[in-house]
S.K.: 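Sharing a structure below in structure tokens format, with a few things to ask.
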Amino acid sequence: RLDLDAVTSKAHDLARHLGFELPPPGAIIAERSVAERVRLEVLRALSFDPRVLILDEPTGVLAPNELSAFLDLLRRLRGEGRSVILVTHKLAEARAVADRITVLRNGRFVATTTPAESDESVLARLMIGELAPPPEAQLHPVETSATLLEINNLSSRNDGVTILDGISLRLNTGEIAGVAGVDGNGQAELVEILAGARVATTGSFQVSGDSAAIAVIPQDRDLDGLILDMQLWENLMLAAPIRARMTHRGWLDVPRATGLCREVLATFRIRASGPDALASSLSGGNRQRLEVARALTQHPRVIVAHNVTRGLDLAATAEVHRLLLEFATNGGAVLLISSDLDELLAMATRLYVISRGKIRAAEAQDRSPEKLGLLMAGRWSE
């Protein structure tokens with residue numbers, strides 16, 4: 001018989017050794033944050049005492065202080081004689097821990113090198129063929145422009161537990177406001193409220209314009225963003241503002257809808273066989289492009305993007321960043337919620353930090369990875 005007490009005790013011992021915190025034994029994994037799921041997967045893999053450990057993008061949901069401990073863990077595993085294969089798009093991490101680095105591009109082997117032989121610019125060139133040019137439009141903080149999104153004292157409780165605690169922020173025309181935080185600190189619930197999928201306990205938010213003025217790009221494209229066994233044009237029509245434009249007297253004009261989808265595929269360089277292809281046939285990067293394209297095709301005033309580039313390669317990430325910058329430069333506004341500090345520091349003109357459901361603005365002196373890491377961990381007084 002399975003001794004659950006012994007399993008739980010062993011899991012907690014291993015978690016403490018790794019510096020992890022485990023959710024309660026009776027917790028439902030579907031209700032836990034992405035960060036907790038990743039930690040549990042790593043813990044489960046190590047419980048087999050493997051000689052070879054393969055990790056696929058394990059650090060995307062970790063705060064800087066957690067990242068350092070995780071990389072130390074990989075070095076310790078290597079020191080114990082294990083082989084670790086780390087699949088990552090984060091060049092600094094690869095150079096920090098790897099003995100050898102193999103680069104793949106479009107599914108093909110490109111080169112094998114070492115951190116001593118190749119700096120980040122060389123690795124980036126190997127990955128995408130050439131370094132992506134910087135965005136043509138660079139944003140600057142706008143203090144006097146019109147406010148497009150205003151969130152006032154937003155709170156949410158779930159089964160008596162406070163998930164969001166008095167969230168307030170504003171988003172102006174031509175601005176990208178970033179929200180930094182480790183997954184599981186209320187970001188998903190905030191996005192659900194802004195999408196209309198969750199009702200706030202207290203507080204409110206206002207968007208300039210009507211209900212179609214906000215478009216949401218959720219972090220889980222396969223679960224919340226797309227219906228994988230539906231065709232691409234059907235997934236495009238899931239957005240009510242687009243569907244309304246393609247509907248006449250209550251009937252959906254399918255030829256117009258598929259024609260629009262064909263235009264979207266070409267405009268946003270989405271690699272697909274056509275509008276009738278299933279969403280499941282697209283690669284992860286092309287699914288993400290479809291989500292971004294659908295949001296922009298709604299012609300919103302505000303885009304809420306949650307971990308919009310997670311799992312994308314450098315080229316796809318650069319393309320998504322370019323589209324968001326272009327949208328904001330042309331008079332829109334973006335609320336960029338991300339666990340990737342590098343992304344936020346590069347993109348955001350205004351930066352907030354969320355921890356345990358509370359939010360605070362990050363001032364200029366806070367915009368270092370070390371300071372932001374402390375803030376993300378809830379150590380706001382340091």
Side-chain angles (χ1 to χ4, degrees), residues 2-25 27 29 32-120 122-124 126-127 182-184 284 307 309-314 339-342 369-370 373 376-377:
L2 181 64
D3 188 340
L4 288 178
D5 289 338
V7 171
T8 301
S9 177
K10 180 180 178 181
H12 279 285
D13 289 343
L14 183 56
R16 281 192 293 269
H17 175 67
L18 301 177
F20 289 174
E21 288 186 11
L22 283 182
I29 195 65
R32 310 309 296 186
S33 70
V34 176
E36 287 177 306
R37 297 182 200 184
V38 170
R39 295 189 188 104
L40 191 59
E41 283 190 285
V42 172
L43 183 69
R44 182 176 60 188
L46 290 176
S47 72
F48 289 97
D49 193 25
R51 301 297 299 168
V52 178
L53 181 65
I54 303 175
L55 301 171
D56 185 9
E57 298 286 354
T59 62
V61 296
L62 302 181
N65 54 320
E66 295 175 311
L67 173 61
S68 178
F70 188 80
L71 296 182
D72 286 341
L73 167 64
L74 297 186
R75 296 185 185 99
R76 189 161 65 248
L77 294 174
R78 176 182 58 189
E80 294 174 356
R82 304 177 199 266
S83 296
V84 179
I85 300 175
L86 175 65
V87 182
T88 181
H89 292 112
K90 296 180 181 296
L91 304 181
E93 294 175 14
R95 296 189 72 250
V97 298
D99 298 297
R100 287 181 292 120
I101 301 172
T102 294
V103 180
L104 304 179
R105 184 169 71 237
N106 295 328
R108 295 180 179 274
F109 169 83
V110 175
T112 293
T113 183
T114 67
E117 295 171 336
S118 303
D119 60 17
E120 290 188 29
V122 171
L123 292 176
L126 290 172
M127 288 175 65
V182 178
D183 283 347
N307 284 324
T309 60
R310 175 177 288 168
L312 300 186
D313 61 24
L314 289 178
S339 55
D340 187 334
L341 283 184
D342 291 335
E370 294 77 15
M376 290 165 65

S.K.: Looking at every non-hydrogen atom in both residues, tell me the closest pair between P115 and A98 and how far apart they are.
M.R.: CG-O, 3.2 Å
S.K.: So, taking the atom named CD1 in I29 and the one named CD in E41, what distance separates them when rounded to the nearest 0.5 Å?
M.R.: 8.5 Å
S.K.: I need the minimum non-hydrogen distance between R51 and E80, along with the two atoms involved.
M.R.: NH1-O, 4.4 Å
S.K.: For T88, which residues count as a side-chain hydrogen bond (donor to acceptor under 3.5 Å, both in side chains) partner, sequence neighbours excluded?
M.R.: none
S.K.: Using the test salt bridge (Lys or Arg N to Asp or Glu O under 4.0 Å), find all partners of D99 that sit at least two apart in sequence or belong to another chain.
M.R.: R78
S.K.: Counting N and O atoms only, with roles assigned by atom type, does the side chain of S9 sit under 3.5 Å from a partner on the main chain of A6, one being a donor and the other an acceptor?
M.R.: no
S.K.: What pairs with T114 under side-chain hydrogen bond (donor to acceptor under 3.5 Å, both in side chains), at least two apart in sequence or on another chain?
M.R.: E117
S.K.: Any chance you could lay out the salt bridge (charged side-chain N to carboxylate O under 4.0 Å, His left out) test for D13 and K10, step after step, and finish with the verdict?
M.R.: CA-CA 5 Å; D13 289 343; K10 180 180 178 181; over 6 Å; no
S.K.: List for me each residue that meets side-chain hydrogen bond (donor to acceptor under 3.5 Å, both in side chains) alongside D3, sequence neighbours excluded, and say none if there are none.
M.R.: none
S.K.: To check you understand the geometry: which heavy-atom pair defines the closest contact between L71 and A96, and what is its length?
M.R.: CD1-CB, 4.3 Å
S.K.: Tell me, please, which residues at least two apart from R75 pass salt bridge (Lys or Arg N to Asp or Glu O under 4.0 Å).
M.R.: D72
S.K.: By side chain to side chain contact (heavy atoms under 4.5 Å, CB included), which residues pair with V103, not counting sequence neighbours?
M.R.: I101, V110, L123, L126, M127
S.K.: Taking everything shown except F48 itself, do over 12 heavy atoms lie less than 6.0 Å from its CZ?
M.R.: no
S.K.: Would you please name every residue forming a salt bridge (Lys or Arg N to Asp or Glu O under 4.0 Å) with D119, sequence neighbours left out?
M.R.: none
S.K.: Which distance, rounded to the nearest 0.5 Å, do you find between the OG1 of T102 and the CZ of R100?
M.R.: 6.0 Å
S.K.: Not counting sequence neighbours, which residues clear side chain to side chain contact (heavy atoms under 4.5 Å, CB included) with L4? List them please.
M.R.: L2
S.K.: Can you name the residues that form a salt bridge (Lys or Arg N to Asp or Glu O under 4.0 Å) with D5, not counting sequence neighbours?
M.R.: none
S.K.: Do T8 and H12 have side-chain heavy atoms sitting under 4.5 Å apart?
M.R.: yes
S.K.: Which residues pass the side chain to side chain contact (heavy atoms under 4.5 Å, CB included) test with S83, not counting sequence neighbours?
M.R.: V52
S.K.: For A45, give me all partners under side chain to side chain contact (heavy atoms under 4.5 Å, CB included), at least two apart in sequence or on another chain.
M.R.: L53
S.K.: Testing the 3.5 Å rule here: is there a donor-acceptor pair between the side chains of S339 and R310?
M.R.: yes
S.K.: Please enumerate all residues that pass side-chain hydrogen bond (donor to acceptor under 3.5 Å, both in side chains) together with D49, with sequence neighbours excluded.
M.R.: R82
S.K.: Rounded to the nearest 0.5 Å, how far does CG of L73 lie from CG of L46?
M.R.: 6.5 Å
S.K.: Could you check if a side-chain atom of L55 sits within less than 4.5 angstrom of a side-chain atom of V87, using non-hydrogen atoms only?
M.R.: no
